[in-house]
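Scroll down for the structure; my scribbles are underneath it.
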Number of protein chains: 2
Amino acid sequence: MKEKMDLSIMDMGRMMQELFRVFKKRIESEENAEVKLSSEQFSLLHALSLKEEEVIQKDMAEMMGKDKSAVLRIIDCLEEKGLVRRVAAMEDRRKNYLMVTKAGYRAIDLYMVIVYELVKELRDGLSQEDVDTFHKVVNQIRCNAIKL
Amino acid sequence: MKEKMDLSIMDMGRMMQELFRVFKKRIESEENAEVKLSSEQFSLLHALSLKEEEVIQKDMAEMMGKDKSAVLRIIDCLEEKGLVRRVAAMEDRRKNYLMVTKAGYRAIDLYMVIVYELVKELRDGLSQEDVDTFHKVVNQIRCNAIKL
DNA sequence: AAAATTAGTTGTATTTGTCAACTAATAAAC
DNA sequence: GTTTATTAGTTGACAAATACAACTAATTTT
């Protein structure tokens, strides 16, 4: 029984990996954007756009669960593409506030169209109730994961 | 409404990313193993161990949704660590059957203990019914993804 | 004032992934 | 049987992401 459960879990892991691959491929095959983004770049840009308060790099690293230097590297790319600006905080010059530029918001809008299309395709055949449960489970699992 | 759904989807995406990071960190921080494995190496080794028929690299690439050269790289590592053997097929010398070694099975057993522990922690607070629905949804989404 | 902590940066190494080109083996076509 | 096309794996080059340690400058704590 335990063994059966474990197998099932690894199977699910592989399924989720497939989702990410599809997402990644879809994002990275976009050719109409002013700037090309990798899936990780887009994810961070999007997450940043949702924050209502000013955030610094360290905040994004924590939020995304990434190493600070990993975040720095991605922000470097986004800044170079003109989608994000670092603005030194006046009260503490070590801190950089991260701001999404106009071009950044345009890129987000464009890539969100892609995401929306993909999501529509992926949820074909699923009831709203199933999706809600899925969401609930993912949320609970994430809460558990954060405790680790 | 559409916008709200999209945000929710990106949010879920981030949650699932977090799961993978936790899994990856757990796997890669194992220090008692004879050999250290990355999460991708372990995943492929485990998937291979489940196959009841002999499989070749191409099969694994398809099954894992990876590029053939990506699979080759991982198998190179696993073979070098002595966990997997390539055995040329007698009926077609282009094909390599992939066989898990004794050490390979030992490694799987050890890492599965880790996975089991992690899963227990992650599913805390979830009913079996929720987990089953989650599984069903993931399965359906994957079927949809394969069609893309 | 000195020591400790913090935010970001840099360097290095590793892993994984993509894609194209290639080789050798096999299958298909003629 | 010969030629052409396809296949399985390999190689090379490049890119992205990640980890970790060490570092610098700014700030906080002692």
Side-chain angles (χ1 to χ4, degrees), chain A residues 14 17-18 20-31 35-45 47 54-81 84-98, chain B residues 14 17-18 20-31 35-45 47 54-81 84-98:
Chain A
R14 274 191 288 276
Q17 281 274 39
E18 183 106 12
F20 279 106
R21 261 187 290 271
V22 171
F23 170 72
K24 183 176 158 69
K25 179 160 290 189
R26 210 36 100 76
I27 291 286
E28 298 177 6
S29 60
E30 169 60 40
E31 295 182 338
V35 287
K36 288 193 65 68
L37 291 178
S38 71
S39 58
E40 295 298 329
Q41 291 163 9
F42 170 63
S43 292
L44 195 146
L45 180 63
E54 303 287 11
V55 290
I56 60 174
Q57 280 163 229
K58 170 178 165 294
D59 297 327
M60 293 313 296
E62 282 169 8
M63 181 181 155
M64 309 289 287
K66 292 174 186 287
D67 183 76
K68 61 182 176 177
S69 56
V71 163
L72 176 141
R73 301 285 160 57
I74 298 176
I75 291 169
D76 279 350
C77 290
L78 292 174
E79 195 177 29
E80 188 174 326
K81 294 173 196 276
V84 159
R85 288 282 307 275
R86 285 179 170 93
V87 180
M90 297 194 63
E91 76 278 3
D92 182 343
R93 290 190 297 183
R94 296 173 303 178
K95 297 182 178 181
N96 293 324
Y97 287 126
L98 304 174
Chain B
R14 277 192 286 276
Q17 281 273 41
E18 183 106 11
F20 278 106
R21 265 190 288 272
V22 170
F23 169 72
K24 185 175 157 67
K25 178 160 291 187
R26 217 20 111 78
I27 292 285
E28 296 178 8
S29 62
E30 170 57 40
E31 295 182 340
V35 288
K36 288 193 64 67
L37 293 177
S38 71
S39 58
E40 295 297 330
Q41 291 163 10
F42 170 66
S43 292
L44 195 144
L45 180 64
E54 304 286 11
V55 290
I56 60 176
Q57 282 163 228
K58 170 176 163 299
D59 298 327
M60 293 312 294
E62 282 168 8
M63 181 182 154
M64 310 287 288
K66 292 175 187 284
D67 185 75
K68 60 181 176 177
S69 52
V71 163
L72 176 138
R73 298 270 159 69
I74 299 175
I75 291 169
D76 279 350
C77 289
L78 292 174
E79 196 177 28
E80 188 174 325
K81 294 176 199 271
V84 160
R85 289 282 307 273
R86 284 178 170 97
V87 180
M90 297 194 63
E91 76 279 1
D92 182 346
R93 289 189 297 183
R94 296 173 303 177
K95 299 182 178 179
N96 293 324
Y97 289 127
L98 303 175

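Quick note on labels: first sequence line is chain A, next is B, and so on, each numbered from 1.
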Exercise. Counting N and O atoms only, with roles assigned by atom type, does the side chain of A:Lys81 sit under 3.5 Å from a partner on the main chain of A:Lys36, one being a donor and the other an acceptor?
Worked result: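 Looks like yes, one N/O pair under 3.5 Å.
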Problem set entry | Check: B:Ser39 main-chain N/O paired with B:Glu28 side-chain donor or acceptor under 3.5 Å |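 At least one qualifying donor-acceptor pair exists.
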Please report the distance, rounded to the nearest Å, between [atom1] in [X] and [atom2] in [N].
X       : N      : atom1 : atom2 : result
A:Lys95 : C:dT5  : NZ    : C1'   : 12 Å
B:Ile56 : D:dT7  : CD1   : P     : 12 Å
A:Lys36 : D:dA16 : NZ    : C1'   : 14 Å
A:Glu80 : D:dA15 : CD    : P     : 13 Å
A:Glu28 : D:dA17 : CD    : C1'   : 11 Å
B:Lys66 : D:dT10 : NZ    : P     : 17 Å
A:Arg73 : C:dT14 : CZ    : P     : 16 Å
B:Phe20 : D:dA17 : CZ    : P     : 17 Å

Problem set entry | 5' precedence on DNA chain C between B:Glu40 and B:Met90 (nearest-nucleotide basis) |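 Final value for this comparison: B:Glu40.
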Exercise. Pick the nucleotide of DNA chain C nearest each of A:Arg21 and A:Ser69; which residue has the one closer to the 5' end?
Worked result: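 First, find each residue's nearest nucleotide; the 5'-ward one identifies A:Ser69.
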For this session: Determine the contact category for B:Lys24: base if any of its heavy atoms lies under 4.0 Å from a base atom, sugar-phosphate if only primed atoms, P, OP1 or OP2 are that close, otherwise nothing.
Result: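 The residue B:Lys24 makes no contact with any strand.
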Problem set entry | Sugar-phosphate, base or nothing in reach of A:Asp92, heavy atoms under 4.0 Å |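 The residue A:Asp92 makes sugar-phosphate contact but no base contact.
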When you get a sec, tell me which of [options] is the closest nucleotide to the side chain of [X]?
X       : options               : answer
B:Lys58 : C:dT18, C:dT16, D:dG9 : D:dG9
A:Leu72 : C:dT15, C:dT9, C:dA24 : C:dT9
A:Asn96 : D:dA19, D:dA8, C:dG8  : C:dG8

Exercise. Do A:Lys66 and A:Ile74 have side-chain heavy atoms sitting under 4.5 Å apart?
Worked result: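 Answer yes - side chains close enough.
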Exercise. How about B:Arg21: does its CZ atom have over 12 heavy atoms from other parts shown lying under 6.0 Å from it?
Worked result: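 Correct, the count exceeds 12.
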Problem set entry | Given B:Lys68, B:Arg86, B:Lys95, the one that forms side-chain hydrogen bond (donor to acceptor under 3.5 Å, both in side chains) with B:Gln57 |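 Only one of B:Lys68, B:Arg86, B:Lys95 forms a side-chain hydrogen bond (donor to acceptor under 3.5 Å, both in side chains) with B:Gln57, namely B:Arg86.
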Exercise. Any donor-acceptor pair under 3.5 Å between the side chain of A:Arg94 and the base of D:dA26?
Worked result: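 Checked by distance alone, the answer is yes.
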Problem set entry | Closest-nucleotide ordering on DNA chain D, the 5'-leading residue of A:Gly65 and A:Arg93 |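 Final value for this comparison: A:Gly65.
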Exercise. So which one's nearest nucleotide on DNA chain D is more toward 5', A:Lys68 or A:Ser38?
Worked result: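 So the residue in question is A:Ser38.
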